[in-house]
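What follows is one structure encoded as structure tokens, with my remarks underneath.
No experiment lies behind these values; they were computed from the predicted model shown.
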There are 2 protein chains.
Amino acid sequence: MELQEKLHNKGLRLTYPRREVVAILNAAASPLTPQSIYQRSVERKSDIGLVSVYRTLELLSELDLVRRVHGHDGCHGYVLASPGHHHHLVCRKCGKAVEFSGSADLSDFIAKIQKETSYKIDEHILQLYGICPKCQKERH
Amino acid sequence: MELQEKLHNKGLRLTYPRREVVAILNAAASPLTPQSIYQRSVERKSDIGLVSVYRTLELLSELDLVRRVHGHDGCHGYVLASPGHHHHLVCRKCGKAVEFSGSADLSDFIAKIQKETSYKIDEHILQLYGICPKCQKERH
DNA sequence: TTCCTTATTGAAAATTATTTTCAATAAGGA
DNA sequence: TCCTTATTGAAAATAATTTTCAATAAGGAA
């Protein structure tokens, strides 16, 4: 598996808390904050420390196995990253997030801005917000 | 002025702390956190409370006179908003931010994602990171 | 398998960020 | 100038994150 390898390459260990955080993120439909990951670990009775959640998220970010997703209100959560550069589209109602790629479609645009500003652009965040199909039906 | 009016329309008052926050943001080249705004107000000896900085930023956000800019590391700052929807390009070295518009160029792309996902997309964050011309020269 | 090294953990404390409370102040219309 | 009430700032309360450190456990070596 990805995680196993990446850890191994750096002399790091595949531990219980790390497995748990990955499992929890894997089961989640929407971005989770450190707090809510911890919450779920309590529910699952896996009882890992909140501190380890923070540390694991930091580690997984470095390994590029997890991505930070910005909430529209400013707080942010984490989702498991599929390989490659991706963006997220988050439902403003239920929080459900879907990934989409699309750096390709963006690159012309970015090249243009780069030319205009003379900045050397090497990273970006693109995040979309809206209402998911399910929540669109549930209007009342 | 914009601010004056917008406040007036809501029966709100143009106070010293509000002026100061706007003035400080106006003089800044990069996004400022509440803390750093407070810092600068101390330097300026304007002595407004940190609490007021928070409250003012919240207010100015509602009035759409200020925008939140996401730092790549996760923390976020605020910049004065020029009218209309804008995005920011932030230097990863010195923090200097420039605004660019470009919702137009994005709209086709967004329409495509909307079709693919069946989400109803109504908002987005796009933020670019790079190195500004000045920092590009100062390599050592 | 067992042993050993050392990365990792979790609890608590420390730090930092943000929000709430509330009496005192001041903006700005009358 | 007066009066109403939005606003302020200090302190306390709350929440989020990081650091410290002794105890634990991963996983390679014997």
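For B:Arg13 and C:dT25, the CZ to C1' distance is 11 Å, given to the nearest whole Å. With rounding to whole Å, B:Glu58 atom CD is found 15 Å from D:dT8 atom C1'. Between B:Glu20 atom CD and D:dT8 atom P there is a gap of 12 Å when expressed in whole angstrom units. Look at CD on B:Gln39: it is 12 Å from P on C:dT16, rounded to the nearest Å. Protein atom CG of A:Leu14 is 14 Å distant from nucleotide atom C1' of C:dT9, rounded to whole Å. Atom P of nucleotide D:dA26 and atom CG of A:Leu59 are separated by 16 Å, given to the nearest angstrom. Computed from coordinates, the A:Ile48 CD1 to C:dT8 C1' distance equals 13 Å when rounded to whole Å. A:Asn9 places its CG atom 16 Å from the C1' atom of D:dG28, with the value rounded to the nearest Å.
At distances below 3.5 Å, not a single donor-acceptor pair connects side-chain atoms of B:Ser41 with backbone N or O atoms of B:Ser46. For the pair A:Thr117 (side chain) and A:Ile113 (backbone), a donor-acceptor distance under 3.5 Å is present. B:Gln127 places a side-chain N or O within donor-acceptor distance of the main-chain N or O of B:His70, the cut-off being under 3.5 Å.
Between B:Gln35 and C:dA17 there is a side-chain polar atom (N or O) within less than 4.0 angstrom of OP1 or OP2. Close to C:dA17, at under 4.0 Å from its OP1 or OP2, lies no side-chain N or O of B:Thr33. For C:dA26, neither phosphate oxygen OP1 nor OP2 lies less than 4.0 angstrom from any side-chain nitrogen or oxygen of B:Thr15. A sub-4.0 Å separation between OP1 or OP2 of D:dG9 and a side-chain N or O of B:Ser52 is present. OP1 or OP2 of C:dT8 has at least one side-chain nitrogen or oxygen of A:Arg18 nearer than 4.0 Å.
The one candidate from A:Thr56, A:Leu65, A:Ile37 that meets the side-chain contact (heavy atoms from CB on, under 4.5 Å) condition with A:Leu25 is A:Ile37.
Comparing B:Pro34 and B:His8 by the nucleotide of DNA chain C that holds the closest heavy atom to each, the one mapping nearer the 5' end is B:Pro34. Each of B:Leu50 and B:Tyr16 has a nearest nucleotide on DNA chain C; the 5'-most of these lies closest to B:Leu50.
Looking at A:Tyr38 and A:Glu43, their side chains never bring a donor and an acceptor atom within 3.5 Å of each other.
Applying the salt bridge (charged side-chain N to carboxylate O under 4.0 Å, His left out) test to B:Arg19 and every residue at least two apart in sequence or in another chain returns nothing.
When heavy atoms are screened at a 4.0 angstrom cut-off, B:Arg55 is found touching base atoms of the nucleic acid.
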Original post:
Dot-bracket, DNA chain C: Watson-Crick or G-U, under 3.5 angstrom, [ ] crossing, | other strand?
Top reply: ||||||||||||||||||||||||||||||

Original post:
Between A:Glu138 and A:Lys93, does a salt bridge (charged side-chain N to carboxylate O under 4.0 Å, His left out) hold up when you go through it step by step?
Top reply: CA-CA 10 Å; A:Glu138 286 169 13; A:Lys93 216 154 183 190; over 6 Å; no

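Across D:dG9, D:dA16, C:dA11, the shortest atom-to-atom separation from the side chain of B:Val51 is found for D:dG9.
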